[in-house]
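For reference, the structure discussed in these notes is given below.
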Amino acid sequence: MAPPPTPQTMKERILETADKLFYLQGIRAIGVDTIAAEIGISKRTLYNHFPSKDALIAAYLERRFVKPRPSDKPPAEQILGTFDSLERRFAAKDFRGCPFVNAVAELGPKDRAVKKIAIAFKESRRVWFRERLNELGVADADALATQLVLLVDGSIAQDLVRDDPAMARAAKEAAKVLLRNAGVDVGDGEKQTATHSKRTPH
């Protein structure tokens with residue numbers, strides 16, 4: 001028999017509520033009074049756990065900073081699976097884009113604390129792609145990793161504008177082209193090496 005779930009601490013309740021409201025309605029639109037009222041506590045109680053709204057914003061973004069789970073799947077499958085996950089996320093009713101990009105867009109680049117967390121998150125995703133590409137023996141894994149994260153961010157932006165989860169599928173097809181050109185077998189029998197990436201004239 002499974003043990004009963006551990007009750008949330010007040011700090012966890014505050015952070016969970018802030019996460020939901022900040023992400024769905026915007027950081028600027030939500031004040032600490034709104035968060036406190038949603039939970040049914042006083043602002044003083046909230047400030048006992050988070051001394052300022054800035055501290056709460058930083059905690060919200062750090063909560064969203066989740067590393068990919070380790071996987072036994074082949075590296076190429078892991079890379080392309082990223083876009084499958086994006087498509088599922090795009091289809092969710094509560095999808096509002098990348099919380100890190102949203103935070104920088106809302107608060108501006110001068111908010112160094114927020115920008116630092118956002119850069120760290122984006123770089124961690126780029127490094128994850130690079131590690132998978134290194135496992136595949138790709139020559140310029142660093143550059144290709146950058147191109148792949150651009151496809152991720154581009155598909156997110158397109159979905160927000162078009163409200164079309166198929167944007168992730170289009171990005172996945174573009175990723176396949178990049179991987180094939182780097183000599184990676186993407187599972188469709190069209191692997192090619194860099195030396196054969198151009199057709200030989202007849």
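Below, all heavy atoms of this structure are taken into account, side chains as well, without hydrogens, waters or symmetry copies.
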Could you report the tightest heavy-atom contact between [X] and [Y], atom names first, then the distance?
{"X": "I30", "Y": "F22", "value": "O-CE2, 3.7 Å"}
{"X": "L136", "Y": "A76", "value": "CD1-N, 4.0 Å"}
{"X": "E135", "Y": "R132", "value": "OE2-NH2, 2.8 Å"}
{"X": "K73", "Y": "E77", "value": "CD-OE2, 3.5 Å"}
{"X": "V149", "Y": "R126", "value": "CG1-CA, 3.6 Å"}
{"X": "F65", "Y": "I117", "value": "CE1-O, 4.1 Å"}

Under 3.5 Å, side chain of [X] to main-chain N/O of [Y], donor-acceptor pair present?
{"X": "Y23", "Y": "G97", "value": "yes"}
{"X": "R13", "Y": "I39", "value": "yes"}
{"X": "D19", "Y": "R63", "value": "no"}
{"X": "D164", "Y": "D159", "value": "no"}

If you measure from the Lys or Arg side-chain nitrogens to the Asp or Glu carboxylate oxygens, is any gap between R89 and D84 under 4.0 Å?
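Salt bridge: no.
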Look at E38 together with K20 and state whether they make a salt bridge at an N to O cut-off of under 4.0 Å.
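Salt bridge: yes.
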Hydrophobic cluster identity match, [X] and [Y], side-chain contacts under 4.5 Å:
{"X": "L24", "Y": "L61", "answer": "yes"}
{"X": "V184", "Y": "V152", "answer": "yes"}
{"X": "I35", "Y": "L107", "answer": "yes"}

With rounding to the nearest 0.5 Å, note down the distance linking [atom1] in [X] to [atom2] in [Y].
{"X": "R112", "Y": "K115", "atom1": "CZ", "atom2": "NZ", "value": "9.5 Å"}
{"X": "I27", "Y": "I57", "atom1": "CD1", "atom2": "CD1", "value": "5.0 Å"}
{"X": "R125", "Y": "E123", "atom1": "CZ", "atom2": "CD", "value": "12.0 Å"}

Dump the intermediate steps for salt bridge (charged side-chain N to carboxylate O under 4.0 Å, His left out) on R169 and E87, then the final yes or no.
CA-CA 7 Å; R169 228 172 304 149; E87 185 171 0; 2.6 Å; yes
Would you please test R130 and T146 for side chain to side chain contact (heavy atoms under 4.5 Å, CB included) and show each step?
CA-CA 8 Å; R130 187 179 68 197; T146 299; over 6 Å; no
Using side-chain heavy atoms (C-beta onward) and a distance below 4.5 Å, is [X] in contact with [Y]?
{"X": "F95", "Y": "I156", "answer": "yes"}
{"X": "L179", "Y": "L133", "answer": "yes"}
{"X": "D153", "Y": "K122", "answer": "yes"}

L46 and side chain to side chain contact (heavy atoms under 4.5 Å, CB included): which partner among T17, D33, I14?
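Passing option: I14.
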So does K53 have more than 12 non-hydrogen atoms from other groups sitting under 6.0 Å from NZ?
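Above 12, so yes.
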Side chain to side chain contact (heavy atoms under 4.5 Å, CB included) evaluation trace for L56 with L15
CA-CA 7 Å; L56 187 53; L15 188 52; 4.2 Å; yes
Working for side chain to side chain contact (heavy atoms under 4.5 Å, CB included), residues F100 and I119
CA-CA 8 Å; F100 301 93; I119 290 173; over 6 Å; no
Between R64 and F121, is NZ or CZ placed under 6.0 angstrom from the six-membered ring centre and within 45° of the ring axis?
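Because its charged atom misses either the 6.0 Å distance or the 45° angle limit, R64 does not stack over F121.
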Applying side chain to side chain contact (heavy atoms under 4.5 Å, CB included) to Q78 and W128, what does each step give before you reach the verdict?
CA-CA 10 Å; Q78 290 185 51; W128 182 87; 3.6 Å; yes
